[in-house]
Amino acid sequence: AKQSLTMYRILSHEYLDGRLPVTRVELTPVTGRTHQLRVHCAACGHPIVGDSIYGYQGEGAPNGGLTQIDGAAAQNLQRDIY
């Protein structure tokens with residue numbers, strides 16, 4: 001598998017339908033892999049809302065099909081998103 005990189009910026013913390021906490025982010029793909037943004041978000045445990053493939057109960061592989069990701073990057077994302 002080829003490496004890929006996605007940059008993100010948190011825009012706001014909100015609630016979907018007034019009850020489900022979500023974080024609005026700006027995603028910038030540094031590399032251009034197919035489904036990159038969707039896979040990266042799913043792999044970090046934060047799937048894109050409404051994504052029918054990698055999102056909640058999506059048809060794709062759990063965690064975007066990734067079995068491991070950079071531990072430090074994942075921890076930073078988890079800290080920033082929550």
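Everything numeric in this text was worked out from a predicted model, so none of it was measured. All residue numbers refer to positions in the sequence shown, counting from 1.
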- Spacing of Tyr15 atom OH and Leu20 atom CG [to the nearest 0.5 Å]: 9.5 Å

- Task: Spell out, as yes or no, whether a donor-acceptor pair under 3.5 Å connects the side chain of Asp51 to the backbone of Ile53.
- Result: yes

- Query: With distance as the sole test, does Arg33 use its side chain to make a donor-acceptor pair with the main-chain N or O of Gln3 at under 3.5 Å?
  - Reply: yes

- Message: I'd like to check Val49 versus Leu16 (side-chain heavy atoms, cut-off strictly below 4.5 Å). Are they in contact?
- Response: yes

- Donor on one side chain, acceptor on other, Glu14 and Thr23, under 3.5 Å: no

- Any side-chain heavy-atom pair of Leu11 and Arg9 under 4.5 Å: yes

- Can Val25 be reached from Val22 by stepping across I, L, V, M, F, W or Y side chains whose heavy atoms are under 4.5 Å apart? no

- How about Ser52 and Glu59: does a side-chain donor come under 3.5 Å of a side-chain acceptor? no

- Task: Please confirm whether the backbone N or O of Leu5 pairs with a side-chain atom of Gln36, one donor and one acceptor, at under 3.5 Å?
- Result: yes

- Message: Quick one, Val39 and Tyr54 - any side-chain contact, counting heavy atoms below 4.5 Å?
- Response: yes

- Query: Is Leu27 close to Met7 at the side-chain level, that is, under 4.5 Å between some pair of heavy atoms?
  - Reply: no

- Message: I need the Thr6 OG1 to Leu37 CG distance, nearest 0.5 Å.
- Response: 5.0 Å

- Item | Side chain to side chain, Ser4 and His40, heavy atoms closer than 4.5 Å | yes

- Task: Provide the closest heavy-atom pair for Pro47 versus Gly55 in the form atom of the first, atom of the second, distance.
- Result: CB-CA, 3.6 Å

